[in-house]
**Student:** 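This is the structure, below, for whatever I ask next.
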Amino acid sequence: MEKVFAELQEAIENGETQAAMDKTKDALKLGLRTDKIIQTAINPAFKDLGQKMFDGEIYVTDVLMASRAAHAAMYVMEPIISRFSGATKGIVAIGTVAGDLHDIGKNLVIMMLQGSGYTVIDLGIDVPVETFIDAVRTHKPDVLALSSLLTTTLPELDNLMEALVQQGLRSQVKVIVGGAPVTAEYAGRIKADAYANDLFEATEAVGDLVKNRIGKYAV
Ligand code: B12
């Protein structure tokens, strides 16, 4: 069983789309759960790639190829994951803030949330504050989730929090923030409800927010 995880991780890291799909099918045939596959093969692949990128061993294009392979793996798991959609645990609207085009991490968070039974509205990348506000009015999500990977776009998180207050919507939605430069301290300063460090924490934190619980990710 561990072999198939290692092979899937390797296929993703090498950006091999077909192999990633085949190995995911193999894992499913072995009866492995989708959350386990994400946790044990997909997430470690990106952790490893991040380190290799930091060490100068690989280039951004390698990460992009890996992202494509990870999406192919998710495509294979999608029919199983979407089985949860009948009885949703809650609605999450998520987007990467304006000025920021990074979405690999956000998409992994989405995959994990969907796999855990939440309905996710993906607002995409480079999302202006007005679009987040419109989404709150239109979709009435339980949770608004914001991703920022750039230090320069962090103020967008603050802008959104202010806009929610100004538009009288703050009490209607819980807000969780994340992305590499975001910290719990920053989240607390802008008066978000929660901060989480990775896709697993994010899913746990959303669970707390939906149930109105003050959990360990509250800020
Ligand atoms: C891939 C990548 C790109 C790709 C993005 C492709 C894509 N579709 O996403 C491209 C090539 C487009 C890119 C462009 C740029 N990038 Co870039 N990029 C990266 C890189 C290598 C990996 C990011 C990544 O995907 N990591 C893997 C995922 C799985 O991790 P993650 O994103 O952190 O997500 C996890 C958590 O943060 C969390 N999370 C994420 N979102 C959310 C949201 C919520 C609500 C929660 C709870 C949690 C959560 O959960 C995720 C899963 O566990 C990083 C370096 C690195 N090692 O991280 C630089 C990096 C982020 N980029 C950087 C920079 C500077 C840029 C550019 C400005 C470069 C340039 N000069 O053009 C541009 C900016 C473009 C723009 N306007 O956005 C810097 C940012 C520095 C900073 N602190 O501001 C980094 C850190 C590189 C560096 N060391 O300098 N980049």
Side-chain angles (χ1 to χ4, degrees), residues 9 12-13 15 35 38-74 90-116 118 120-128 132 135 141-157 160-161 173-184 186-188 190 192-210 215-219:
Q9 179 174 343
I12 291 173
E13 289 196 30
D35 56 348
I38 295 172
Q39 197 170 355
T40 319
I42 299 183
N43 194 44
F46 283 99
K47 277 211 174 118
D48 200 30
L49 287 165
Q51 187 57 47
K52 284 182 178 155
M53 178 88 194
F54 185 76
D55 295 340
E57 285 175 36
I58 57 164
Y59 298 101
V60 163
T61 42
D62 299 309
V63 182
L64 292 178
M65 297 289 282
S67 162
R68 205 177 303 165
H71 282 118
M74 287 309 298
I91 303 174
V92 181
I94 186 167
T96 302
V97 298
D100 190 344
L101 307 176
H102 295 84
D103 67 356
I104 297 171
K106 168 184 74 67
N107 291 342
L108 288 178
V109 171
I110 291 175
M111 291 170 193
M112 194 67 199
L113 286 172
Q114 288 176 331
S116 305
Y118 295 93
V120 180
I121 297 150
D122 183 8
L123 303 170
I125 51 173
D126 194 14
V127 180
F132 282 113
D142 300 287
V143 179
L144 194 55
L146 307 178
S147 179
S148 174
L149 262 284
L150 298 172
T151 314
T152 48
T153 55
L154 277 182
E156 282 296 315
L157 302 177
L160 189 272
M161 297 310 299
V173 69
K174 301 281 189 208
V175 181
I176 181 168
V177 292
V182 186
T183 60
Y186 183 80
I190 64 168
D193 296 294
Y195 158 79
N197 188 46
D198 61 30
L199 65 163
F200 304 107
E201 289 190 7
T203 308
E204 222 181 302
V206 164
D208 287 341
L209 292 177
V210 166
K216 61 179 169 179
Y217 303 105
V219 290

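We count ligands from 1, going down the list as the structure has it; atoms in each ligand are counted the same way. Keep in mind the model is a prediction, meaning the values are calculated, not measured.
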**Student:** Say whether Gly99, considering both its backbone and side-chain N or O atoms, lies within less than 3.5 Å of an N or O atom on ligand 1.
**Tutor:**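 There is such a contact, yes.
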
**Student:** Which one of Ile94, Leu101, Leu146, Asn43 has a non-hydrogen atom at the shortest distance from atom 75 (C) of ligand 1?
**Tutor:**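 Minimum heavy-atom distance to atom 75 (C) of ligand 1 goes to Leu101.
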
**Student:** Relative to ligand 1, is Asp103 under 4.0 angstrom through side chain, backbone, both or neither, heavy atoms considered?
**Tutor:**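 For Asp103, the contact with ligand 1 is made by both the backbone and the side chain.
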
**Student:** Do any N/O atoms on Thr152 end up under 3.5 angstrom from N/O atoms on ligand 1?
**Tutor:**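 No; every N/O pair is 3.5 Å or more apart.
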
**Student:** Under 4.0 Å and counting heavy atoms only, is there anything from the protein next to atom 85 (C) of ligand 1?
**Tutor:**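 Not a single protein heavy atom is under 4.0 Å away.
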
**Student:** Looking only at protein heavy atoms, which one is nearest to atom 22 (C) of ligand 1, and how far off is it?
**Tutor:**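 Here the nearest protein heavy atom works out to Val63 CG1, 4.4 Å.
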
**Student:** For atom 41 (N) of ligand 1, which candidate among Ala194, Ala205, Ser147 holds the nearest heavy atom?
**Tutor:**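 Going through Ala194, Ala205, Ser147 one by one, Ser147 has the nearest heavy atom to atom 41 (N) of ligand 1.
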
**Student:** Below 4.0 angstrom, counting only protein heavy atoms, does anything approach atom 9 (O) of ligand 1?
**Tutor:**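 Yes, because at least one protein heavy atom sits under 4.0 Å from atom 9 (O) of ligand 1.
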
**Student:** Quick test: of every protein heavy atom, which one is nearest to atom 29 (C) of ligand 1, and how far off is it to 0.1 Å?
**Tutor:**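 Ranked first by proximity to atom 29 (C) of ligand 1 is Leu108 CD1, 3.5 Å.
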
**Student:** Do any protein N, O or S atoms sit under 2.8 Å from atom 17 (Co) of ligand 1, and which ones are they?
**Tutor:**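 Only His102 NE2 fall inside 2.8 Å of atom 17 (Co) of ligand 1.
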
**Student:** By the salt bridge (Lys or Arg N to Asp or Glu O under 4.0 Å) test, which pairs, at least two apart or in different chains, include something from residues 45-61?
**Tutor:**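 Found Glu13-Lys52, Asp48-Lys52.
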
**Student:** Please report which non-hydrogen protein atom sits nearest to atom 35 (C) of ligand 1, along with the residue it belongs to and the distance in Å to one decimal place.
**Tutor:**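 Nearest neighbour among protein heavy atoms for atom 35 (C) of ligand 1, to 0.1 Å: Gly105 CA, 4.1 Å.
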
**Student:** Could you check whether any side-chain heavy atom of Leu157 comes within less than 4.5 Å of a side-chain heavy atom of Leu154, counting everything from C-beta outward?
**Tutor:**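 Answer yes - side chains close enough.
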
**Student:** Where's the contact between Leu64 and ligand 1, heavy-atom distance under 4.0 Å: side chain, backbone, both or neither?
**Tutor:**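 Leu64 to ligand 1: side-chain contact only, backbone stays beyond 4.0 Å.
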
**Student:** Considering only the protein, which heavy-atom contact is closest to atom 25 (O) of ligand 1, and what is its distance?
**Tutor:**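 Answer, as residue, atom name and distance: Ile104 CB, 3.3 Å.
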
**Student:** To the nearest 0.5 angstrom, please state how far the CD1 atom of Ile38 sits from the CE atom of Met74.
**Tutor:**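 One gets 4.0 Å once the value is rounded to the nearest 0.5 Å.
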
**Student:** Where is the nearest protein heavy atom to atom 82 (C) of ligand 1: which residue, which atom, and how far?
**Tutor:**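 For this ligand atom, the closest protein heavy atom is Thr151 OG1, 3.2 Å.
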
**Student:** Evaluate the side-chain proximity of Leu209 to Val92: yes if any heavy-atom separation is below 4.5 Å, no if none is.
**Tutor:**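 Not touching, per the 4.5 Å side-chain cut-off.
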
**Student:** From the options Gly179, Ala45, Ala192, select the one whose nearest heavy atom is closest to atom 37 (O) of ligand 1.
**Tutor:**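 Heavy atom nearest to atom 37 (O) of ligand 1 belongs to Gly179.
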
**Student:** Counting only heavy atoms on the protein side, is anything nearer than 4.0 Å to atom 45 (C) of ligand 1?
**Tutor:**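 Looking at atom 45 (C) of ligand 1, one finds that a protein heavy atom does lie closer than 4.0 Å.
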
**Student:** Below the 3.5 angstrom mark, is there an N/O of Leu199, backbone or side chain, next to an N/O of ligand 1?
**Tutor:**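 For ligand 1, there is an N or O atom that lies under 3.5 Å from one belonging to Leu199.
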
**Student:** For atom 38 (C) of ligand 1, which of Val92, Leu157, Val206, Asn197 has the closest heavy atom?
**Tutor:**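 Residue with the shortest heavy-atom distance to the ligand atom: Asn197.
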
**Student:** Less than 4.0 Å from atom 61 (C) of ligand 1, is there any heavy atom belonging to the protein?
**Tutor:**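 It does; a protein heavy atom is within 4.0 Å.
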
**Student:** Can you sort out which atoms of ligand 1 are near Gly50, meaning under 4.0 Å from one of its heavy atoms?
**Tutor:**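 Once the distances to Gly50 are compared, the set is 57 (N).
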
**Student:** Short list, please: which atoms of ligand 1 are under 4.0 Å from a heavy atom of Met53?
**Tutor:**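 Near Met53, the atoms of ligand 1 are 21 (C).
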
